[in-house]
There are 2 protein chains.
Amino acid sequence: MKEQILIVDDDNDILELLEYSLNSVGYDTLGFLSTKNVRQVLLEEKIDLILMDRNLPDIEGSLYIEMLRSKDINTPVIFISAKDSIEDIKDGLIKGADDYITKPFDMQELILRIKAVLKRYNNESKELIDTLLYQDMKLDLNMHQVNINSINIDLTKLETALLQTMIKNKGRVLDRDYLIKHIWKSSDNINQKTVNVAIKRLKEKIDPQRDKEYIKTIRGVGYLLV
Amino acid sequence: MKEQILIVDDDNDILELLEYSLNSVGYDTLGFLSTKNVRQVLLEEKIDLILMDRNLPDIEGSLYIEMLRSKDINTPVIFISAKDSIEDIKDGLIKGADDYITKPFDMQELILRIKAVLKRYNNESKELIDTLLYQDMKLDLNMHQVNINSINIDLTKLETALLQTMIKNKGRVLDRDYLIKHIWKSSDNINQKTVNVAIKRLKEKIDPQRDKEYIKTIRGVGYLLV
DNA sequence: GAGTTTTGTAACCGTTATGATATAAATATG
DNA sequence: CATATTTATATCATAACGGTTACAAAACTC
């Protein structure tokens, strides 16, 4: 379900940095130090985007892409290059590429460009990353909102975490100690009553009319998602 | 409820061996050949421990864990690695991991380490013996309710404890002293009559019509579940 | 750094669980 | 049948608990 990005860079440090950063924002990555096995992988795997250094030791980037295109591989490409000369970008050398970013690059910018390219290629924005489903609710951990019967409700960080662990443990009664340990990691100095209030606030958010009893209280024990 | 261990190893043979061994000592396992869907599973399932090869083809283990930690996923991790150099272990490469074992590993040792980590982390994995069955009733110790002929009846903590010990000792007459000692642990200062009342209230809950005599009174002795 | 939002705590209050007690009912015994 | 003993039921008192609200502290935002 996640988008998979193939990265080619001969500098191992940069490669790792890229992989880590892209993974951390929810992409799957496949890293390569050379173009050696890339074509094969492109044929076998579902790759959504290629991110490659234009100045590889073995082959010039745009040449390689040209080759791919001739083989009917049309995966979008973003080039990374040390050359920041506008000329290069303009004069068609980046033929076949969908975007271009120069080293040293800002990771935020790169991610934005990646998103843009993917969006362009991907009509359906599959933002299905990091969502939890439970009955009629869909919890989006990234956006910090829960969608219940097609209405979106913004949640705070705490509310999100709370709902998340409740969904993860649906059907189980979670006592206050458990919740404190797992949500307020600073276990000790959190008042038990605090949980009551947090639960109350969450209940209020996800069920303002108070007609659906999502969260049930077991007196003397704790709470559970029924 | 069994503890659930998520395993990531690109070597299918090892993966199967691990799954088989851990299953046979009572753990539930979820095996993966790559980290591809792992994160989503971690979000959705209640995973108690991650066991992963540190040298996966697609990503270095500790990097992956670092990413997980940055996403507030704090499931404990044990790394398996071919590298047995003490250096690696020491120099913080296993940052975020809770333990480390080197290939080839002894299964007994691995299981011991798993136990140790789980114990350390274990959110008081309470005796989740969850449900007790008796005739047409199903007592859910977790939810504190008893299901009789498909209708759920909420019980209080005391009622639950009472019914639990009665089911555990079905067919045996339990005198009031026994019940006081086992249910009201504060043994002494509990009035014998209190048991009568508690039993009466339980009877009322589980059989409002008073047609089924679940709990029988043995005059001069105590009560039993027939 | 001012202003807004989120979050923890304390206080208050209604509710509930439950132990005790008084009384009624049931059961045993002679 | 009469009486004694045991148990069931009803009622009351109270302590514990959870929901609610208000407010202060902390964390974000611009």
Side-chain angles (χ1 to χ4, degrees), chain A residues 143-146 153-166 173-211 213-224, chain B residues 72 144-146 153-166 173-224 226:
Chain A
M143 310 264 287
H144 286 248
Q145 59 179 211
V146 62
I153 300 161
D154 289 330
L155 299 180
T156 67
K157 237 170 71 178
L158 180 65
E159 288 160 353
T160 308
L162 194 49
L163 188 53
Q164 179 185 357
T165 60
M166 301 222 67
V173 179
L174 304 177
D175 60 55
R176 291 173 181 75
D177 279 336
Y178 180 94
L179 291 170
I180 288 173
K181 197 181 283 176
H182 284 72
I183 293 168
W184 294 264
K185 268 95 183 183
S186 55
S187 46
D188 287 325
N189 38 3
I190 284 290
N191 195 321
Q192 290 243 351
K193 297 274 181 68
T194 299
V195 180
N196 297 18
V197 179
I199 287 277
K200 184 246 168 189
R201 286 170 177 160
L202 177 60
K203 279 182 175 175
E204 210 164 34
K205 270 266 182 77
I206 65 179
D207 182 21
Q209 274 79 45
R210 287 298 164 80
D211 43 8
E213 198 190 27
Y214 289 113
I215 295 170
K216 195 178 169 189
T217 306
I218 305 292
R219 188 177 233 267
V221 191
Y223 301 91
L224 86 158
Chain B
D72 257 338
H144 287 255
Q145 60 179 210
V146 61
I153 299 161
D154 289 330
L155 300 180
T156 68
K157 243 169 64 175
L158 179 66
E159 289 160 354
T160 308
L162 195 49
L163 188 53
Q164 178 184 2
T165 61
M166 302 225 64
V173 182
L174 303 176
D175 62 60
R176 291 175 181 74
D177 279 334
Y178 179 92
L179 291 171
I180 288 172
K181 197 180 284 174
H182 283 74
I183 293 165
W184 293 264
K185 266 95 181 183
S186 55
S187 47
D188 288 325
N189 39 2
I190 286 292
N191 194 320
Q192 289 243 352
K193 297 279 178 67
T194 299
V195 180
N196 297 14
V197 179
I199 287 279
K200 181 244 167 189
R201 285 170 177 159
L202 177 60
K203 280 181 174 177
E204 212 164 34
K205 268 266 182 78
I206 65 179
D207 181 21
Q209 275 79 46
R210 288 300 165 79
D211 43 10
K212 306 177 185 184
E213 198 188 28
Y214 289 113
I215 295 169
K216 199 176 167 189
T217 306
I218 307 297
R219 197 184 162 89
V221 192
Y223 301 91
L224 89 157
V226 286

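Here is how names work: the chains are called A, B, and so on, in the same order as the sequence lines, proteins then strands, and each is numbered from 1.
Across all strands shown, B:K203 has heavy atoms under 4.0 Å from sugar-phosphate atoms exclusively, and none from any base. Among the atoms of the strands shown, none is found under 4.0 Å from any heavy atom of B:L155. Across all strands, A:T194 comes closer than 4.0 Å to base atoms (heavy-atom distances). Base engagement by A:K200 is indicated by at least one non-hydrogen atom pair under 4.0 Å involving a base atom.
When side chains are defined from C-beta on, B:D154 counts as touching A:K216, because their heavy atoms get closer than 4.5 Å. Using a 4.5 Å heavy-atom threshold, the side chains of A:V197 and A:R201 count as touching. Considering only heavy atoms from C-beta on, B:K157 stays 4.5 Å or farther from A:R219 through its side chain. Between B:W184 and B:V195 there is a side-chain heavy-atom pair separated by less than 4.5 Å. Two residues are said to be in side-chain contact when any heavy atoms from C-beta on lie closer than 4.5 Å; A:I199 and A:K203 meet this criterion.
Rounded to a whole Å, the NZ atom of A:K216 is 19 Å from the P atom of D:dC17. Per the geometry, CD belonging to B:E204 stands 7 Å off P belonging to D:dT9, to the nearest Å. In this structure, the NZ atom of A:K157 is 14 Å from the C1' atom of D:dT29, given to the nearest Å. Rounded to whole Å, atom C1' of D:dA16 lies 14 Å from atom CG of B:L158. Taking atom NZ of B:K193 as the reference point, atom C1' of D:dC12 lies 16 Å away to the nearest angstrom. To the nearest angstrom, C1' of D:dA25 lies 15 Å from CG of A:N191. Atom CG in A:L202 sits about 12 Å away from atom P in D:dG19, given to the nearest Å. Counting to the nearest Å, the P atom of D:dT7 and the CD atom of B:E213 are 14 Å from each other.
Here B:H182 pairs with B:Y178 under the ring-ring contact (aromatic ring centres under 6.0 Å, His included) rule; sequence neighbours left out.
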- Task: Could you please spell out the steps behind the side chain to side chain contact (heavy atoms under 4.5 Å, CB included) verdict for A:T156 and A:K205?
- Result: CA-CA 10 Å; A:T156 67; A:K205 270 266 182 77; 4.1 Å; yes
- Task: Begin from the C-alpha positions of A:T160 and A:Q145 and carry the test side chain to side chain contact (heavy atoms under 4.5 Å, CB included) through to its verdict.
- Result: CA-CA 7 Å; A:T160 308; A:Q145 59 179 211; over 6 Å; no
- Message: Applying side chain to side chain contact (heavy atoms under 4.5 Å, CB included) to B:Q164 and B:L155, what does each step give before you reach the verdict?
- Response: CA-CA 11 Å; B:Q164 178 184 2; B:L155 300 180; over 6 Å; no
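Not one side-chain nitrogen or oxygen of B:Y223 sits closer than 4.0 Å to the OP1 or OP2 atom of D:dT6. Distances shown here put a side-chain N or O of B:T217 below 4.0 Å from the OP1 or OP2 atom of D:dA8.
Running 5' to 3' along DNA chain C, contacts with non-hydrogen atoms of chain A at under 4.0 Å begin and end at C:dT6 to C:dA17.
Mapping A:N196 and A:R201 onto DNA chain D via the closest heavy atom, the residue that lands nearer the 5' end is A:N196.
Over its full length, the helix from C:dG1-D:dC30 to C:dG30-D:dC1 turns its helical axis through 30°, comparing axes from the five pairs at each end and rounding to 10°.
Pairing each heavy atom of B:R176 with each of B:Y223, the nearest pair is NH2-OH, 3.2 Å.
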